[in-house]
Structure formats: structure tokens, C-alpha cells
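What follows is a short report on a single structure.
Remember, it's 1-based here, ligands and their atoms both numbered in the order they're listed.
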Amino acid sequence: MFSASGESNAGKLLGYVAEQSLVDHHCHGVLVRDADQATLESMLTEGGGWPGGSVFDSGAGFAFRRLCPPVLGLAPHAELSDYVARRTELGAAEVSRRFLLRAGVSALCVDTGYIPEPLTSPAELGALAGAAAHEIVRLERVAEEVAEAGVSAAGFADAVRSALAARTASAVGVKSIAAYRTGLDLRPERPSDAEVAAAAGRWLGAAGPGWPRCADETLQRFLLWCGVDLRRPVQLHVGYGDSDVDLHRGNPLLLTPLLRAIQPTGVPVMLLHNYPYHREAGYLAQVFPQVYVDAGLATHNLGARGPALLAEALELAPYGKFLYSSDAFGLPELYYLSAALFRQALSAFLRTGLDDDLYSERTVVRLTWMLCAGNARRAYRLNP
Ligand SMILES: [Zn+2]
């Protein structure tokens, strides 16, 4: 219950923020198996464990230990061994259901392009969360599926275009992981089919048996322009990621010429994660009308520093172009943790504005809707 001033009696969150459901515009599937302590250590952050230490001794770890145990009926700060025992007792399905329901999301946009082990499908994830689930198709994965199925260099461009048309028939967007493959220093021009055929020939000729990893600047650009042609939002991994990314090549400012070239199409470009370049991303959202930004992944990795992150991300970014995402993968705790920390950060941000008389309570209601759900619903054309 909330007072007339929007204060939640239950906690320190602004009531409006506590009550507003979220649209998580970038996340992945959740594990279908139980997670033991080693799994929690390996999946909590973008790094893994190391001898003699624990990833739980971190911003993400202490936020996890403060917020997650109560969802399983334990006291805050429970020992990890007790937490894992309780997790096992409840079973993976019940643990997932509890955390996903508590995240308070109304819609999820699920990246289905990275499945290193069995994960829930978008429909299964949506059912656990009590939310509508939509698919985001990963461009590189489609190109790699086309290559695996067997294609000539000359036929590659058309084969990718028709595979993408089929794969995205019911998807709400596409995603590029060029940051992981070539970095974001991409030339702006749309490559010709002859250039694509030449690049595909080099790639297909060089690809040995097994995973044909697409990591060619011309092909990355081709895939991005294919995504633009589909006229759905194009997500781009930016900044923060695991050790497979060269972070210095993931600065979104490297995208400036490409964003300028895409601008006339009006197709939304969604810059994901962005940390530690969230201020640069905010600048791009300000100057390019079709650019949207989030602070996914960093929101839970920064733990108690979430309010500082959000305040920095919103220094320049128009409030109408900032979206919520968890970038949660595998552990159901991360969907909840990210949502809880985002609500804390947003609540602190809006409360400061209210205290400083920057805006009225009526505006707080409107901003809460925009930042939690409305901006994503508009950009992805999701039904309310
Ligand atoms: Zn992701």
C-alpha cells in the first residue's frame, strides 16, 4: 500500500516505482538445471572464479547475498552453502518461478542466439515470469546457420536475407554482436552483394570443421544493414562483456559514422549495456534521434553503485530513450537482482529530483512509466 505521496510503506522505494512493472528489453534464457555453488560462482558476473577467492566478494555478490536469500525464505546475508542447500531443496523450476515472478516484469525480449547449454525458450521464460515473451534474433547466429547448412559465396547474401526474413517473422528485433567479433569501428557504407560474396568466400574458405564463427568487418556491416532493412529495432552489444570482448573496441563512439548513415532510415538502434561507456552512449542517444540506450548487465554487477550508474547514464540521454534491461543469463536470481537494483536506483534518482523541486509528482509518475516500460513498448511496438 502507498500513501498519497507515492511512498511505499513496505520499503524505501517510491511507491510508483515499486508498483510499475518492467519491460526487460534484453535478456536470455534461464538454466533448466539446478545451480550448485560452482555454477553460481561462474555465472554471477562476467568473470569466473579464481583459486583462493570468490566472485561473491564484489558489488554484485553482496547485492545478491542481501536480496536473494529472502526470496527463498532465508534471512538476508545467509551463508552461500545454506543458500545452495535451500536452492536444491526447492528445485530449479520453483527457484526460477520465484525469482522471475518477483522481478515484476510484464514483457521480456529474449536473445535466443547464445545457448551454450539447455536454457528455457522465450515462451517458457515468459510463463515463469508471468510476462509476455518476445524473441530477438541474433544476426551472426543466422549467418552461421546459413554457412553450416552449406552455401556458395555468391549465394550467401540472398541466403542470409531469406533466412533472416523467415527467422524474424515473429521476432520484435535483431541483435548484432559485432563488438565481440570485429569491434565497433565499422565503416558506414552498406556493402554491395559483390563485396559480401568476396568476404563470404574468404570466410567460408577459411572456416574449418566445427563452429564457423563469423568475424569479418564486411559481413558484420552486411548483417547490420540486413537488420536495418527488416525495419525492426537493431540491438548492438556495446561495452561491458566477458573476456571474449576487446572492451576498448566496444566504445559506442566508434559507431558514430554508422549511426549517421542509419539515421535517415529511422530504424531504432538499441545500444546495450554500454558500461563503462554509458556516458558516451547517453551522448549518442541525445544527438541521434533513432538511438536508444540502457545500462543492462552493469545494473546488477555494480550492486550498491546502481544509483550512481543510472544518474550518470541519464546525464545526457533523453529520458524518453533510456530502457530497462537485465541482460540476465542462466541464473534466475539475476532477473530479480537486476530489477530490484534498477528500481532502487530509479527510485533514488526520482526522489532526488522531487526533493530538489525539479519536477512534480505527476511528472514522476510519467517518468516512471517511460523508463520502466513505456519507452521499450514504443520502440519495439509491443502491445500495452
Ligand atoms: Zn546479453
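Around the Zn ion (ligand 1), the protein N, O or S atoms found under 2.8 Å comprise His26 NE2, His28 NE2, Asp327 OD1.
Checked against a 6.0 Å centroid threshold, the rings of Phe329 and Tyr114 count as neighbours. Ring centroid separation for the pair His273 and His26 comes in under the 6.0 Å cut-off. Ring to ring, Tyr324 and His25 are not that close: their centroids are 6.0 angstrom or more apart.
Checking Tyr16 against Glu361 by side-chain atom types alone, a donor-acceptor pair falls below 3.5 Å. Side chains of Ser170 and Glu135: a donor-acceptor N/O pair is absent below 3.5 angstrom, by distance only.
Among residues two or more places apart in sequence or in another chain, the salt bridge (charged side-chain N to carboxylate O under 4.0 Å, His left out) test is passed with Arg97 by Glu94.
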